[in-house]
Amino acid sequence: MRRMSDQSARWTRATVYPDMWADPDDDPRNNENSPDGELATLQDFLANYRITLRMKCEDLDPEQLARRSVPPSTMSLLGLVRHLAEVERDWRNWITDGEPLPKLYGAKDADFHGAVADQAVVDAARADLEREQAATDAALAAHPDLGERVGKDGIAIRELMVHRIEEYARHCGQADLLRECVDGRVGQ
């Protein structure tokens, strides 16, 4: 069985703290200013998890992004990007009473199965995720009351926001392990 990483030791680019992904002055996530209010706090946490996922995928070629963890898993960093684009689209279905949006990648698990080592697939996945995030953000902006219930199931906007954070947090944890397997890079 092929090893995921050709690097024998764990490493990080951080020079200040050896367990960090980036030095605090170079970290694009907002860790200093606590936002005011519940909605702003939820949006801040979501934004930071989105940035974390991008950071875990940076500086990798298509083969590394598409590399699967361990058989029989289909999980890869590229698969996570595609999956989150699919999930962002599906969250808009929770908001509306109308017909659901079609899946981006087709059949169940196509987001992971279609995550192949091809630059066009990588570029499309990144564009899909950015587009779907923006569309879901715009749809939710029309509902600033976190207690408002929307959609066929009457889900509270607060619940949807917390679920989004939970989804990104879980997948960022998986991305930590996937990235370490690819090239040994670790950090928050």
Side-chain angles (χ1 to χ4, degrees), residues 1-8 10-13 21-22 26-29 43 45-96 99-140 160 163-188:
M1 183 159 109
R2 176 173 75 112
R3 281 188 38 220
M4 290 278 297
S5 174
D6 296 325
Q7 189 151 344
S8 59
R10 295 165 44 134
W11 68 280
T12 180
R13 286 197 183 128
W21 186 262
D26 299 327
D27 195 332
R29 294 167 290 191
Q43 290 169 331
F45 269 83
L46 179 62
N48 284 333
Y49 279 120
R50 286 173 169 176
I51 293 168
T52 298
L53 180 68
R54 282 196 305 273
M55 291 170 72
K56 294 295 177 174
C57 295
E58 71 186 2
D59 302 324
L60 296 177
D61 64 35
E63 187 280 324
Q64 292 170 311
L65 287 167
R67 197 177 296 172
R68 306 261 168 99
S69 57
V70 292
S73 176
T74 59
M75 190 174 295
S76 66
L77 288 165
L78 180 57
L80 288 176
V81 170
R82 289 167 51 97
H83 171 71
L84 285 164
E86 192 78 76
V87 170
E88 286 280 357
R89 174 173 277 224
D90 190 49
W91 282 325
R92 291 199 310 282
N93 291 330
W94 295 14
I95 298 168
T96 183
E99 289 298 312
L101 296 166
K103 291 206 168 279
L104 280 175
Y105 305 113
K108 182 179 180 196
D109 294 331
D111 41 1
F112 287 102
H113 291 298
V116 296
D118 180 299
Q119 189 62 52
V121 174
V122 171
D123 294 343
R126 287 181 171 145
D128 289 344
L129 182 58
E130 287 180 25
R131 181 190 65 246
E132 296 302 323
Q133 287 172 337
T136 303
D137 290 347
L140 284 169
L160 180 55
H163 184 71
R164 292 172 84 199
I165 293 165
E166 179 272 333
E167 183 88 9
Y168 275 90
R170 182 165 33 95
H171 292 315
C172 282
Q174 294 164 334
D176 285 340
L177 296 173
L178 288 164
R179 180 62 188 251
E180 186 177 357
C181 286
V182 168
D183 66 358
R185 188 167 179 198
V186 297
Q188 90 293 358

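Taking SG from Cys172 and CG from Asn48, the interatomic distance works out to 10.0 Å, rounded to the nearest 0.5 Å. The line from CG of Leu65 to CG of Asp118 is 12.0 Å long, rounded to the nearest 0.5 Å. Atoms CG and CD1, from Leu160 and Ile165 in turn, are 10.0 Å apart once rounded to the nearest 0.5 Å. Atom CD1 of Ile51 sits about 8.0 Å away from atom CZ of Arg29, to the nearest 0.5 Å. Interatomic distance, Arg68 CZ to Leu78 CG, rounded to the nearest 0.5 Å: 9.5 Å. For the atom pair CG of Leu129 and SG of Cys57, the computed distance is 9.0 Å after rounding to the nearest 0.5 Å.
Partners of Asp137 according to the salt bridge (Lys or Arg N to Asp or Glu O under 4.0 Å) rule, which considers only residues two or more places apart in sequence or in another chain, are Arg50, Arg164. Residues passing the side chain to side chain contact (heavy atoms under 4.5 Å, CB included) test with Gln119, sequence neighbours excluded: Pro62, Val122, Asp123. Every residue was checked against the side chain to side chain contact (heavy atoms under 4.5 Å, CB included) condition with Glu130, not counting sequence neighbours, and none meets it. Residues passing the side chain to side chain donor-acceptor pair (under 3.5 Å) test with Thr74, sequence neighbours excluded: none. Every side chain to side chain contact (heavy atoms under 4.5 Å, CB included) that Gln64 has, sequence neighbours left out, goes to Leu60, Asp61, Arg67, Val182. Residues satisfying the side chain to side chain contact (heavy atoms under 4.5 Å, CB included) test with Ala175, not counting sequence neighbours, are Leu53, Lys56, Leu77, Leu80. Every salt bridge (Lys or Arg N to Asp or Glu O under 4.0 Å) that Glu132 has, sequence neighbours left out, goes to Arg89, Arg92.
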Under 3.5 Å donor-acceptor pairs involving side-chain atoms of residues 104-113, not counting sequence neighbours:
residue: Tyr105; atom: OH; partner: Asp128; partner atom: OD2; Å: 2.7
residue: Asp111; atom: OD2; partner: His83; partner atom: ND1; Å: 3.0

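Classified by interplanar angle (parallel below 30°, tilted 30° to 60°, perpendicular above 60°), the ring pair Tyr168/Trp91 is tilted.
Shown here for Ala66 and Ser76, the closest heavy-atom pair between the two residues is O-CB, 3.5 Å.
In summary, the side chains of Glu166 and Tyr49 do not present any donor paired with an acceptor at a separation below 3.5 Å, with no hydrogens or angles considered.
Two residues are said to be in side-chain contact when any heavy atoms from C-beta on lie closer than 4.5 Å; Arg179 and Met55 fail this criterion.
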